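The structure appears below as structure tokens.
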Amino acid sequence: MPAASSRTTAVSAVVTAALAAGLLTGAATTSASASPSASPSADGQVRIHDIQGTTRISPLTGRQVSGVAGIVTGVRTYGSKGFWFQDPEPDADPATSEGIFVYTGSAPTVSVGDAVTVSGTVAEYVPGGLSSGNQSLTQISKPTVTVVSSGNALPAPVTVSERSVPSRYTPEGDPAAGGSIDALPLVPSRYALDYYESLEGMNIRIGTSRVVGATDPYGELWVTVKPHENASRRGGTVYGSYTAQNTGRLQIQSLAPAAEQPFPSADVGDVLSGTTEGPLDFNQYGGYTLTARTLGTVTDKGLARETTRKQRGGELAVATYNVENLDPGDPQEKFDALAAAVVDNLASPDIVALEEIQDNNGAKDDGTVAADRTVEKFTAAIVAAGGPAYEWRSIDPEDKKDGGEPGGNIRQVFLFNPARVSFTDRAGGDATTATDVVRERGRAALTLSPGRIDPANAAWKNSRKPLAGEFGFRGRTVFVVANHFASKGGDESIVSQHQPPTRSSEVQRHAQAEVVNTFVKKLLNVQKNADVLVVGDINDFEFSGTTKALTAGGVLYPAVKSLPRPERYSYVYQGNTQVLDQILTSPSIDGFHYDSVHINAEFADQNSDHDPQVLRFRP
């Protein structure tokens, strides 16, 4: 945190004069348990830093304040409408913010540079609601606003940089408060979240910064002010553990409506050049966000989509690819782009496990569960792109029993190239019948192929059931289990008021991993050297408890760990480059080549939000 003197700015002459003349006075309101920072300043006037206080919760929450003075630093006319204003006379306490958001509910009538007084109710607004676990945003609601003058110089911005942001992310929550950090005194020199909170609502600035989260459909991107923090070789910032949250990340939005000023398109590794300046907000979808009044320009660094090498004659190539709710109603361009990726970027793998294949009419909820039109449209697009004539196997789910987009009935599908791979069909598999493992001529075999693994188990409630298949390659049997584990929906974010945040969704994924692990153990108990691949959208990290449960007993190895740490990722979320998609190998598969093929997650223009994974080995 910069010394208090670095936040001191030239005081607006108009505001100073108004204060001296008593024009901005108002009844000072304090709470019975107010901290010293909640008391009125020496002149008897409640100031913004009195409202913000030295913790995340205002000591004046629920109280009326009058005549709070400052200069407008940003106006938002869309979404949560209102404006930010800031006291040009900061106190000497680095923990107290000098800026605050005023929620008007309709388009504000003030302009940047106006000196104003605001009366209203101090409130703590929790983006996403109390159940989200999010931190709250201190604001003034139901305001009465008086413009004293216009055209005033703005308080000089605080520069947020590699040097100013602490390396530790957050303090531990108070056990007596359910793990909340809300009531803890802010220590902005020690913790990054405390540092950002101490600037909530204030005018801040960043210099030229690398983009670590591509522009999304909502007009947002992510940058890092710490260029060397867990950097990937392609320009991202790798999330490598629950204690490596990457402190330099900031979300960037523009205060200008998109109709007036289109938001720039940027990919990971591009650079937001020049100065980006505006108030620091806190929102539901990313936490601390620089709402740019002045937005830098994007410098294109030319990030290219990767291409993996083709498998050699004796190698079996197995891929997994989440194709993001693919259904026949999607534009042909999406089918063509996904197909071209399979042929060109993935080099036409022998086996492709697909996730998020929807039924034949997509999200229309009319009881349809078959997906033959979806798959056949996709395989035809692959042939048109110059790829093999893939055959496919899958099992239709029960209607509305596997989660995902309502009505979509997503499921996993195996594609395989019959010119190189055979599929061992063992009839009887359906949505509710479990496949099992038997010994056949001294080797492991499935009772149903394709078949679902323990579909009646409570672990799969409202979630996709694993699809198991038995393949043949050069006289060797290979078992592939295609998965799409429960999503992270319901988890608290890493900027939660609870630290560490609650990850409620992982309970189900842990149970799912245990079921799959048990099934793999059955295969290996029958045939110790069986070749087993567990693939798919695991929806969890390589260091997670889910992965530990999958690998328990040494029956599987997360192949992504064979990559250097800066290359371990398949997804980008809130500027964190991370692993969600995995291929895990049984012990007999010890000489493999793994590739996370980066063609989507780092780009503003995406055909899916996931990167496919490919593993090649010699059975």
Side-chain angles (χ1 to χ4, degrees), residues 311 314-321 349-355 357 375 379 388-397 411-455 457 460 464-484 515-536 550 555-557 559 582-589 592 613-619:
Q311 63 272 29
E315 289 181 318
L316 178 68
V318 180
T320 179
Y321 196 5
D350 301 309
I351 301 169
V352 184
L354 301 174
E355 298 87 50
I357 290 289
V375 182
T379 54
Y390 283 109
E391 294 185 14
W392 62 279
R393 298 290 188 275
S394 187
I395 290 177
D396 293 335
R411 83 290 310 276
Q412 299 89 269
V413 173
F414 289 127
L415 304 184
F416 64 96
N417 180 359
R420 285 179 51 83
V421 179
S422 63
F423 189 87
T424 303
D425 288 292
R426 301 183 189 275
D430 59 28
T432 59
T433 304
T435 189
D436 206 346
V437 180
V438 294
R439 186 183 301 275
E440 188 176 272
R441 293 189 294 276
R443 294 183 175 272
L446 301 181
T447 58
L448 307 172
S449 176
R452 289 182 138 193
I453 296 175
D454 199 5
N457 193 299
W460 310 113
R464 284 67 56 185
K465 288 69 175 172
L467 180 69
E470 189 175 329
F471 295 85
F473 179 72
R474 298 170 67 90
R476 177 83 176 182
T477 298
V478 178
F479 300 96
V480 183
V481 180
N483 302 272
H484 187 182
V515 172
V516 174
N517 176 269
T518 297
F519 187 80
V520 174
K521 284 176 178 174
K522 283 186 177 182
L523 285 166
L524 299 184
N525 283 339
V526 172
Q527 182 183 340
K528 183 178 181 180
N529 67 342
D531 291 336
V532 185
L533 293 170
V534 170
V535 310
L550 275 170
V555 298
L556 291 170
Y557 172 74
Q582 297 198 48
I583 298 178
L584 300 97
T585 60
S586 62
S588 63
I589 305 173
F592 60 81
Q613 314 294 293
V614 178
L615 183 140
R616 293 177 288 268
F617 75 107
R618 295 179 181 273

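Predicted model, so just to flag it, every value in this text is computed and none were measured.
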Rounded to the nearest 0.5 Å, what separates atom [atom1] in [X] from atom [atom2] in [Y]?
{"X": "Leu316", "Y": "Leu533", "atom1": "CG", "atom2": "CG", "value": "7.5 Å"}
{"X": "Leu615", "Y": "Thr585", "atom1": "CG", "atom2": "OG1", "value": "7.0 Å"}
{"X": "Leu523", "Y": "Leu446", "atom1": "CG", "atom2": "CG", "value": "6.5 Å"}

Q: Describe, in one word, how the ring planes of Phe471 and Phe416 are oriented to each other, choosing from parallel (under 30°), tilted (30 to 60°) and perpendicular (over 60°).
A: perpendicular
Q.
Check the orientation of Phe423 and Phe414. Use parallel for under 30°, tilted for 30 to 60°, and perpendicular for over 60°.
A. tilted
Q.
So, using side-chain contact (heavy atoms from CB on, under 4.5 Å) as the criterion, who are the partners of Ile395 when residues are at least two apart?
A. Pro450, Arg452, Leu467
Q.
Test of understanding: with ring pair (Phe, Tyr, Trp, His ring centres under 6.0 Å), list the residues that count as partners of Tyr390, not counting sequence neighbours.
A. none
Q) side chain to side chain donor-acceptor pair (under 3.5 Å) with Asp350: which residues, sequence neighbours excluded? A) Gln311, Arg420
Q: Going by the side-chain contact (heavy atoms from CB on, under 4.5 Å) test, name the single residue among Val481, Leu448, Thr518 that passes it with Ile453.
A: Val481
Using a 4.5 Å cut-off on heavy atoms from C-beta on, say whether the side chain of [Y] contacts that of [X].
{"X": "Val516", "Y": "Leu550", "value": "yes"}
{"X": "Tyr557", "Y": "Phe592", "value": "yes"}
{"X": "Thr320", "Y": "Glu355", "value": "yes"}
{"X": "Asp425", "Y": "Arg393", "value": "yes"}
{"X": "Phe519", "Y": "Thr435", "value": "yes"}

Of all residues at least two apart in sequence or in a different chain, which pass the salt bridge (Lys or Arg N to Asp or Glu O under 4.0 Å) check with [X]?
{"X": "Lys522", "answer": "Asp436"}
{"X": "Arg476", "answer": "Asp531"}
{"X": "Arg411", "answer": "Asp396"}

[X] to [Y] - nearest heavy-atom pair and separation:
{"X": "Pro619", "Y": "Gly314", "result": "CD-O, 4.0 Å"}
{"X": "Arg616", "Y": "Ala317", "result": "CG-CB, 3.8 Å"}
{"X": "Leu556", "Y": "Val532", "result": "CD2-O, 4.5 Å"}
{"X": "Arg439", "Y": "Asn525", "result": "NH2-O, 4.3 Å"}
{"X": "Asn483", "Y": "Pro466", "result": "OD1-CB, 3.4 Å"}
{"X": "Ala431", "Y": "Pro455", "result": "O-CB, 3.4 Å"}

Would a distance-only check, ignoring hydrogens and angles, find a side-chain to backbone donor-acceptor pair under 3.5 Å from [X] to [Y]?
{"X": "Ser394", "Y": "Gln412", "answer": "yes"}
{"X": "Lys465", "Y": "Trp460", "answer": "yes"}
{"X": "Ser588", "Y": "Ala530", "answer": "yes"}

Q | Side-chain donor-acceptor pair present, Glu470, Thr477, cut-off under 3.5 Å | A | no
Q: Apply the test side-chain contact (heavy atoms from CB on, under 4.5 Å) to residues Leu415 and Tyr321: give CA-CA distance (whole Å), side-chain angles for both, the deciding distance (0.1 Å), then the verdict.
A: CA-CA 11 Å; Leu415 304 184; Tyr321 196 5; over 6 Å; no
